[in-house]
Amino acid sequence: MDASKAPDEAAGRAAAGDPALLREARELTPALYALGRAFRSLGVTEAGLPPLPPSDLEVLRQVLESPGIGVGTLAQELGLHASNVSTTVRGLVGQGLVRREPDPRDRRAVRLFPTMGATQGMALIEQAWAEIFADSLAALPPDQRAALASATPALRALSTALRAGRTAARPA
């Protein structure tokens, strides 16, 4: 057995052997997926921007979070094929949302940067998301709003763990 994989495999076996943990995951996963789907389908139009497919929005968000990222790294981080990311990037460049610059260390490679339009547009989308989310939160009882607010650090940690797990599972 490869010693570098042992901790990840052991964690996977521990989770698989814990029926209560699996039950919790089965209950939570669809709720989180539905929430993510709602966010992806809302915001762009409400912000007064032209429609943007969810894949374009994901690539754009990653470029905004990691200015100077390369296409290969971007594809890895999103779990997509590099050819699909390249196609999406071409579209975003054509829309004036992303710009390409040669990598100073390797002139054959490019680095991706968000444009000012992308930065401003994402700010509008995130404001629309906040307003939509606030309207929905207002419909909940105070104890449920408090539970969601207190879950924020755990949700961030879960996101980090999911990304780390996906990175560790990739072939070298």
Side-chain angles (χ1 to χ4, degrees), residues 4-5 8 12 25 28-138 148-149 151-172:
S4 67
K5 292 184 181 179
D8 290 333
L28 187 57
T29 301
L32 291 173
Y33 183 82
L35 185 60
R37 187 167 189 251
F39 271 121
R40 286 188 301 275
S41 68
L42 300 170
V44 175
T45 304
E46 290 79 357
L49 300 171
L52 198 60
S55 59
D56 288 18
L57 189 58
E58 288 300 313
V59 167
L60 185 57
R61 284 186 59 77
Q62 195 66 35
V63 171
L64 283 157
E65 289 176 15
S66 304
I69 193 168
V71 172
T73 302
L74 179 60
Q76 284 179 338
E77 290 186 9
L78 294 175
L80 300 171
H81 291 291
S83 60
N84 293 341
V85 171
S86 291
T87 300
T88 301
V89 166
R90 270 194 301 279
L92 293 170
V93 168
Q95 294 176 62
L97 298 172
V98 171
R99 73 178 196 281
R100 297 179 211 201
E101 293 183 9
D103 185 328
R105 295 172 305 217
D106 180 357
R107 302 299 280 178
R108 297 168 295 170
V110 296
R111 297 286 165 221
L112 306 172
F113 294 89
T115 64
M116 184 60 72
T119 302
Q120 292 169 343
M122 190 55 70
L124 291 172
I125 292 167
E126 289 175 352
Q127 180 61 33
W129 281 338
E131 290 171 6
I132 293 164
F133 201 57
D135 288 344
S136 298
L137 284 172
L148 287 168
T152 300
L155 290 170
R156 284 189 181 123
L158 178 60
S159 176
T160 299
L162 285 168
R163 275 189 243 149
R166 186 173 65 211
T167 302
R170 282 193 206 111

Are the side chain of Ser86 and the backbone of Ala82 linked by a donor-acceptor contact shorter than 3.5 Å? yes
Under the salt bridge (charged side-chain N to carboxylate O under 4.0 Å, His left out) rule, collect the residues that match up with Arg107, sequence neighbours excluded. none
Apply side-chain hydrogen bond (donor to acceptor under 3.5 Å, both in side chains) to Thr87 and Arg90, showing your working. CA-CA 5 Å; Thr87 300; Arg90 270 194 301 279; 3.2 Å; yes
Name all residues meeting the ring-ring contact (aromatic ring centres under 6.0 Å, His included) criterion together with Phe133; count only those two or more places apart in sequence or in a different chain, and write none if there are none. Phe39
From CA spacing to verdict: side chain to side chain contact (heavy atoms under 4.5 Å, CB included), Val89, Leu74: CA-CA 10 Å; Val89 166; Leu74 179 60; 4.2 Å; yes
Residue pairs passing the side-chain hydrogen bond (donor to acceptor under 3.5 Å, both in side chains) test where at least one lies in residues 91-101, sequence neighbours excluded: Arg99-Glu101
Atom pair CG/CG of Leu97 and Leu60 - distance to nearest 0.5 Å: 5.5 Å
If I take atom CG from residue Leu137 and atom CD1 from residue Ile132, how far apart are they, to the nearest 0.5 angstrom? 12.0 Å
Residues 46-59 side chain polar contacts: donor-acceptor under 3.5 Å, at least two apart:
| from | atom 1 | to | atom 2 | distance (Å) |
| --- | --- | --- | --- | --- |
| Glu46 | OE1 | Gly43 | N | 2.7 |

Which value, rounded to the nearest 0.5 Å, describes the distance between Thr88 atom OG1 and Leu78 atom CG? 9.5 Å
Side chains of residues 118-127: which donor-acceptor pairs under 3.5 Å do they make with residues two or more places apart or in other chains?
| from | atom 1 | to | atom 2 | distance (Å) |
| --- | --- | --- | --- | --- |
| Thr119 | OG1 | Thr115 | O | 3.2 |
| Glu126 | OE2 | Arg61 | NH1 | 2.7 |
| Gln127 | NE2 | Glu131 | OE2 | 2.9 |

What distance do Gln62 atom CD and Thr73 atom OG1 have between them, rounded to the nearest 0.5 Å? 10.0 Å
State, to 0.1 Å, how close Val85 and Val71 come at their nearest heavy-atom pair, and which atoms those are. CG1-CG1, 3.9 Å
Does anything in residues 111-125 pair up under salt bridge (Lys or Arg N to Asp or Glu O under 4.0 Å), and if so which pairs, sequence neighbours excluded? Asp103-Arg111
